Amino acid sequence: MGLSSCLTSDWFSRDVIVVARELLGMHLSRVIDGQTIRSRITETEAYRGEEDLACHARAGKTRRTAVMYGPPGHAYIYFTYGMHWCLNVVCMPENFPAAVLIRALEPLDGLMSIASRRTGRPRSEWTNGPAKLTRALGIDKNLNGVDLTTPRSLLWIERGEVVPEDQVICGPRVGINNVPEPWRSLPWRFRI
DNA sequence: AGCACGATTAACT
DNA sequence: GTTAATCGTGCTC
């Protein structure tokens, strides 16, 4: 195991729903202020194509969504509700807009660094939501578009543990209550 | 230039 | 269970 254990661009170029499922158990790492934070991905959601009316790419290619049309394995980071950042991984071949939203993490290392950004919150709520985890890891628009397949950069993803099927809960995506069917109810949310 | 809304969170009743 | 916070984005005029 001398070489990097990062996931490759080819790995992310597969179907976004398969990637969302298989990202469970993988390790997300972040270097900030000289500290390294390591974490395990525990919840994801898939967003696939312009036809998926829950996906930001339903509006086509715009300045915001351009990253989703780019190479797989890069970060798509968007701003919402006037104050929150959310982290996605671009998937599927270039020019097809799709991404996996990272919804929850289990911190493994760098707890002090996380605590400094989540003061006053119980530990169980440090990274159990898509905007909570970006706050905890100091992720914002400055990291939009970065290549997550580059080990030991500012933000990257490595192989972790394989999560057995009987430990995976699959269900509808959340926070999209105004989206029409069938998109609203598709079981594209995965969690351990 | 103006407008409505949002892949959420935290603090309420 | 309900609601304020807060502003970039995409759409309409």
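Each chain gets a letter, A, B and so on, in the order its sequence line appears, and its residues count up from 1. These figures come from a predicted structure and were not determined experimentally.
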Whole-Å gap separating [atom2] ([N]) and [atom1] ([X]):
X      : N      : atom1 : atom2 : result
A/W85  : C/dT6  : CH2   : C1'   : 13 Å
A/N177 : B/dG6  : CG    : P     : 10 Å
A/Y76  : B/dA7  : OH    : P     : 8 Å
A/R118 : B/dA10 : CZ    : C1'   : 10 Å
A/L87  : B/dT8  : CG    : C1'   : 15 Å
A/R103 : B/dA7  : CZ    : C1'   : 7 Å
A/N88  : B/dA7  : CG    : C1'   : 8 Å
A/R117 : B/dT9  : CZ    : C1'   : 18 Å

Using the closest heavy atom to pick a nucleotide of DNA chain B for each, name whichever of A/E125 or A/I176 lands nearer the 5' end. A/I176
For [Y], does its backbone N or O pair with a side-chain atom of [X] as donor and acceptor, under 3.5 Å?
X      : Y      : answer
A/W126 : A/A115 : no
A/R152 : A/V31  : no
A/R173 : A/W183 : yes

Can you find a heavy atom in the side chain of [X] that is under 4.5 Å from one in the side chain of [Y]?
X      : Y      : result
A/L154 : A/N142 : no
A/E43  : A/I192 : no
A/S9   : A/P72  : yes

With sugar-phosphate meaning primed atoms plus P, OP1 and OP2, does A/L101 contact a base, only sugar-phosphate, or nothing at under 4.0 Å between heavy atoms? base
Mind checking A/A54 for me? I need base, sugar-phosphate or nothing, with any heavy atom below 4.0 Å counting as a touch. base
Strictly under 3.5 Å: I want the nitrogen or oxygen pairs between protein and nucleotides 11-13 of chain B, one per line.
{"from": "B/dA11", "atom 1": "OP1", "to": "A/R121", "atom 2": "NH1", "distance (Å)": "3.3"}

Counting only Watson-Crick pairs (N1-N3 plus N6-O4 or O6-N4) and G-U wobbles (N1-O2, O6-N3), all under 3.5 Å, who is the partner of B/dA1?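 B/dA1 is paired with C/dT12.
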Using purine N1 to pyrimidine N3 plus N6-O4 or O6-N4 for Watson-Crick, or N1-O2 and O6-N3 for G-U wobble, both under 3.5 Å, which nucleotide pairs with C/dA4?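 Checking every strand shown, C/dA4 finds its partner in B/dT9, with both distances under 3.5 Å.
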Which one of A/F79, A/Y78, A/Y76 satisfies the ring-ring contact (aromatic ring centres under 6.0 Å, His included) criterion with A/W85?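 So the option named by the test is A/F79.
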Restricting both atoms to N or O, compile the protein contacts to nucleotides 8-13 of chain C shorter than 3.5 Å, with distance only.
{"from": "C/dG10", "atom 1": "OP1", "to": "A/T62", "atom 2": "OG1", "distance (Å)": "2.3"}

On the side chain of A/Y81, is there an atom forming a donor-acceptor pair with the base of C/dA5 - under 3.5 Å, no angle test?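 No.
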Should A/L7 and A/T149 be marked as a side chain to side chain contact (heavy atoms under 4.5 Å, CB included) after you check the CA-CA gap, both sets of side-chain angles, and the distance that decides it? CA-CA 6 Å; A/L7 300 171; A/T149 67; 5.6 Å; no
How long is the span from the CD1 atom in A/I114 to the OG1 atom in A/T119, to the nearest 0.5 Å? 13.0 Å
Please assess A/I17 against A/L186 for the test side chain to side chain contact (heavy atoms under 4.5 Å, CB included), listing each intermediate value before the final yes or no. CA-CA 11 Å; A/I17 295 151; A/L186 292 174; over 6 Å; no
Quick one: is B/dG6 close enough that its OP1 or OP2 comes under 4.0 Å of any side-chain N or O from A/N178? yes
Per A/M83 side chain, nearest of listed nucleotides B/dG6, B/dT8, C/dT6: C/dT6
